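Data block below; observations after.
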Number of protein chains: 2
Amino acid sequence: MISTRTSQPDVIAALEDAGLRITGQRRQVVAAIERRDVGFSAEDIAGELEGVGRATVYRTLKLLVKADVICKLVLPDGTPMYSPSRLEHHHHSVCTSCGAVEEFRDTTVERVLRSLTREIEGEIVGHRMEVFIRCRSCLDSSSS
Amino acid sequence: MISTRTSQPDVIAALEDAGLRITGQRRQVVAAIERRDVGFSAEDIAGELEGVGRATVYRTLKLLVKADVICKLVLPDGTPMYSPSRLEHHHHSVCTSCGAVEEFRDTTVERVLRSLTREIEGEIVGHRMEVFIRCRSCLDSSSS
DNA sequence: AAGTTATTGATAGTAAGTATCAACTATCAA
DNA sequence: TTGATAGTTGATACTTACTATCAATAACTT
Ligand SMILES: [Zn+2]
Ligand SMILES: [Zn+2]
Ligand SMILES: [Zn+2]
Ligand SMILES: [Zn+2]
């Protein structure tokens with residue numbers, strides 16, 4: 001039910017399917033993303049990829065968000081953060097200490113969000129939900 | 001149960017209680033906020049209040065967020081938006097066309113968020129949740 | 001009224017992008 | 001294989017939303 005995704009060839013295929021050209025720069029950005037495990041910023045990628053222009057990094061990240069390959073989320077202080085997208089429909093928990101991002105699906109959450117039509121006037125067109133945590137390893141290392 | 005708040009004297013008193021000085025600039029920012037009904041940006045206020053420095057507007061808004069007098073939320077494209085806070089504990093629905101913000105409380109939402117401890121590793125320290133809508137009046141005016 | 005200390009505002013700087021546009025190149029059709 | 005064509009790139013400049021500095025100013029305190 002919960003399908004996992006994301007791996008170089010798939011991503012490239014997804015871009016092709018969207019009618020986009022497969023360029024060396026886009027391959028580099030995709031590869032850089034797949035080397036990361038915790039959330040990252042656009043500048044992280046731009047800094048790492050010396051051979052790719054900043055503008056291209058931002059453009060590619062936006063493309064990948066639209067293609068549902070990565071997620072863009074917002075930390076409590078408003079800072080944006082990117083993270084690979086691995087589940088179909090999901091929300092995120094983000095560790096505010098180390099930036100570790102976990103995706104989760106919860107049918108109850110989705111049901112409740114749908115049921116909000118009773119309390120909210122107008123037509124619901126989307127939502128954002130992020131849960132901020134201190135992850136297990138950050139808790140462990142701070143209780144020393 | 002759902003207490004309503006926010007009105008000049010109360011806000012000023014709240015700032016005083018926090019040990020802050022009541023300056024002309026802060027009064028002006030508070031007054032400007034109370035004249036607004038839909039969500040607003042810091043620049044909206046700064047532009048309206050010619051006699052108050054931009055930095056002071058930003059500083060005061062931050063203060064008011066901390067004092068729980070206004071809420072800061074984030075639109076789908078990442079743009080921040082401020083809105084007066086009128087309910088004790090709540091979330092927001094935001095019209096993506098006109099910026100109208102409604103606050104709502106939903107016990108089910110709160111219960112579900114608490115129950116997420118079962119699915120999420122680590123200690124939950126906070127969350128963000130916004131529901132994006134097309135409000136009644138925007139729907140009506142576009143179906144002409 | 002005077003003293004202390006928070007507050008202010010002009011200026012400059014940062015973070016996260018976006019707009020421009022000429023140069024470049026992936027893809028396709030011949 | 002080679003063009004032609006249209007998508008893509010990168011340097012630069014600009015934008016939005018702030019934050020840091022710090023001397024000048026004004027609010028509370030007594
Ligand atoms: Zn995700
Ligand atoms: Zn959802
Ligand atoms: Zn609110
Ligand atoms: Zn509306």
Side-chain angles (χ1 to χ4, degrees), chain A residues 9 11-33 39-67 69-83 94 99 128, chain B residues 11-33 39-67 70-83 94 99 128:
Chain A
V11 173
I12 298 301
L15 293 181
E16 267 176 338
D17 292 351
L20 297 167
R21 290 184 181 171
I22 308 309
T23 66
Q25 290 91 332
R26 288 180 179 164
R27 283 181 193 282
Q28 288 184 70
V29 171
V30 170
I33 286 169
F40 55 89
S41 69
E43 292 298 327
D44 287 342
I45 304 296
E48 177 183 336
L49 265 35
E50 281 302 325
V52 182
R54 267 169 38 85
T56 297
V57 169
Y58 279 97
R59 282 188 290 237
T60 305
L61 289 180
K62 181 177 266 193
L63 239 52
L64 293 175
V65 168
K66 204 177 307 177
V69 170
I70 58 177
C71 299
K72 183 178 183 176
L73 31 120
V74 183
L75 300 187
D77 69 354
T79 308
M81 175 180 246
Y82 297 87
S83 166
V94 188
R128 184 209 315 284
Chain B
V11 173
I12 299 301
L15 293 181
E16 265 175 339
D17 291 352
L20 297 166
R21 291 183 180 173
I22 308 308
T23 66
Q25 290 91 331
R26 286 178 181 167
R27 283 181 192 283
Q28 289 184 68
V29 171
V30 170
I33 286 169
F40 55 89
S41 69
E43 294 297 327
D44 287 342
I45 304 296
E48 177 183 336
L49 266 35
E50 281 302 326
V52 182
R54 270 166 39 83
T56 298
V57 170
Y58 278 98
R59 281 188 289 237
T60 305
L61 289 180
K62 181 177 267 191
L63 240 51
L64 294 175
V65 168
K66 204 177 305 176
I70 58 177
C71 300
K72 183 178 185 177
L73 30 120
V74 183
L75 299 187
D77 70 354
T79 308
M81 175 180 245
Y82 297 88
S83 167
V94 188
R128 183 207 316 283

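Reckoned from all heavy atoms, side chains included, excluding hydrogens, waters and symmetry mates. To find a chain, count down the sequence lines: A is the first, B the second, and so on, and within it residues start at 1. All figures in this text were calculated on a predicted structure; none of them were measured in a lab.
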For residues [X] and [Y], report the shortest heavy-atom separation together with the two atoms involved.
X: B:Ile12; Y: B:Ile22; answer: O-CD1, 3.7 Å
X: B:Glu48; Y: B:Ala32; answer: OE2-CB, 3.8 Å
X: A:Lys72; Y: A:Pro80; answer: CE-CB, 3.8 Å

> For D:dG10, does OP1 or OP2 lie under 4.0 Å from any side-chain N or O of A:Gln25?
Replying inline: yes

> So, is B:Lys62 close to the C:dT7 phosphate, meaning a side-chain N or O under 4.0 Å from OP1 or OP2?
Replying inline: no

Nearest-angstrom distance from the residue atom [atom1] of [X] to [atom2] of [N]:
X: B:Asp77; N: C:dG17; atom1: CG; atom2: P; value: 11 Å
X: B:Tyr82; N: D:dA17; atom1: OH; atom2: P; value: 9 Å
X: A:Glu43; N: C:dT18; atom1: CD; atom2: C1'; value: 13 Å
X: A:Leu49; N: D:dT9; atom1: CG; atom2: C1'; value: 14 Å
X: B:Tyr58; N: D:dT19; atom1: OH; atom2: C1'; value: 11 Å
X: B:Ile22; N: D:dT29; atom1: CD1; atom2: P; value: 11 Å
X: B:Leu61; N: D:dC18; atom1: CG; atom2: C1'; value: 11 Å
X: A:Arg21; N: D:dA4; atom1: CZ; atom2: C1'; value: 11 Å

> With both distances kept under 3.5 Å, what pairs with C:dA30, Watson-Crick or G-U wobble?
Replying inline: D:dT1

>> Main chain of B:Val74, side chain of B:Arg128: is a donor-acceptor contact present, judged purely on distance under 3.5 Å?
In response: no

> Okay, side chain of B:Asp44, backbone of B:Ser41: is any donor-acceptor separation there less than 3.5 Å?
Replying inline: yes

Reckon [X] touches a base, only the sugar-phosphate, or nothing at all at heavy-atom distances under 4.0 Å?
X: A:Ser41; value: nothing
X: A:Gly51; value: sugar-phosphate
X: B:Arg26; value: sugar-phosphate

> A:Ala55 side chain: which of C:dG17, D:dG10, C:dG9 is closest?
Replying inline: D:dG10

> Nearest nucleotide by nearest heavy atom, which residue falls closer to the 5' end of DNA chain D, B:Lys72 or B:Leu20?
Replying inline: B:Lys72

> Looking only at N and O atoms, is any donor in the side chain of A:Arg59 or the base of D:dG10 less than 3.5 Å from an acceptor on the other one?
Replying inline: yes

> Of B:Thr23 and B:Arg54, whose nearest nucleotide on DNA chain C comes first from the 5' end?
Replying inline: B:Thr23

